[in-house]
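Right, one structure below, let's go through it.
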Amino acid sequence: MGWLKRLFGLEKLENQENVQAPAYQAPVAQAQAQAPAQPAAASPQTIPPERMGLNGEYDQSGLAKRVAQAFDANPDVADIETVYVAQLGTTVVLKGTVPSQEIVNKLVTIAKGVKGATAVETNEVTVG
């Protein structure tokens, strides 16, 4: 079972070769939608990279899902089922148990390569 399926109940995407979500404009709040039209100079709101979902949509867990997707795409870590991925803002949080420090290092390298990740926390990962 892959990372996305195990952690989020989602199937792997067909083309998951380092998918980068496109720029996306956040939906307008209902109160704003009923307000008079703004001048053309008003800038649209964009989704922060850590909240960008797998398909470019706003997703509170977007960074964690994209990290799980990156783990699925890497054969060295795709089969690990004892580590969980979460996020605190732009920090990726890994929790669980891995067989070696080499695997922890690989997970950290992959996670840091995902757009929106500024740090990776591993203090809740046990080696052994």
Side-chain angles (χ1 to χ4, degrees):
M1 177 180 302
W3 289 83
L4 279 171
K5 180 75 172 173
R6 181 172 56 85
L7 299 177
F8 301 103
L10 301 172
E11 295 297 328
K12 291 181 187 179
L13 298 177
E14 289 295 319
N15 177 18
Q16 70 178 59
E17 294 287 326
N18 204 3
V19 175
Q20 290 295 328
Y24 179 81
Q25 294 181 355
V28 177
Q30 183 145 354
Q32 290 176 333
Q34 295 173 351
Q38 296 292 323
S43 63
Q45 292 181 339
T46 56
I47 299 173
E50 70 273 12
R51 301 293 182 220
M52 184 74 66
L54 296 172
N55 299 306
E57 77 284 6
Y58 179 90
D59 187 333
Q60 188 72 19
S61 299
L63 177 60
K65 287 178 182 174
R66 288 184 289 112
V67 168
Q69 179 182 32
F71 289 165
D72 274 335
N74 188 300
D76 294 337
V77 299
D79 293 332
I80 294 175
E81 294 189 358
T82 55
V83 176
Y84 297 88
V85 182
Q87 75 180 78
L88 292 172
T90 60
T91 300
V92 175
V93 180
L94 302 177
K95 301 176 182 184
T97 304
V98 293
S100 69
Q101 185 62 45
E102 179 182 339
I103 296 293
V104 175
N105 297 343
K106 186 76 165 174
L107 292 171
V108 169
T109 300
I110 294 167
K112 283 183 176 178
V114 175
K115 185 176 180 181
T118 59
V120 179
E121 208 175 90
T122 61
N123 59 336
E124 294 187 49
V125 175
T126 305
V127 176

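Position 1 is the first residue of the sequence; numbering continues from there.
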Value rounded to 0.5 Å, distance of CD1 in Ile110 from CZ in Phe71: 6.0 Å

Flag, side chain of Trp3 to backbone of Val67, donor-acceptor distance under 3.5 Å: no

CG on Asp59 to CZ on Arg66, rounded to 0.5 Å: 9.0 Å

Spacing of CD belonging to Glu102 relative to CG belonging to Leu107, to within rounding of 0.5 Å: 11.0 Å

4.5 Å side-chain heavy-atom contact, Leu4 and Leu54: yes

Where Arg6 and Met1 come nearest, the two heavy atoms and their spacing: CA-SD, 3.5 Å

Closest non-hydrogen atom pair, Leu94 against Val125: O-CG2, 3.4 Å

Met52 to Ile47 - nearest heavy-atom pair and separation: N-CG2, 3.8 Å

Whether over 12 other heavy atoms sit under 6.0 Å from Gln101 CD: yes

Taking every non-hydrogen atom, the tightest pair across Pro49 and Gly116: CB-CA, 3.6 Å

Residue pair Gly128 / Thr97: nearest heavy atoms and the distance that separates them: O-CG2, 3.6 Å

Extract all donor-acceptor atom pairs below 3.5 Å that involve side chains of residues 84-93 and protein atoms in other chains or at least two apart in sequence.
residue	atom	partner	partner atom	Å
Gln87	OE1	Leu63	N	3.0
Gln87	OE1	Ala64	N	2.8
Gln87	NE2	Glu50	O	3.2
Gln87	NE2	Gly89	O	3.2
Thr90	OG1	Thr118	OG1	2.6

Closest heavy-atom pair and its distance - Asp76, Asn74: N-OD1, 2.8 Å

Within 6.0 Å of CG in Asn105, more than 12 heavy atoms from elsewhere: yes

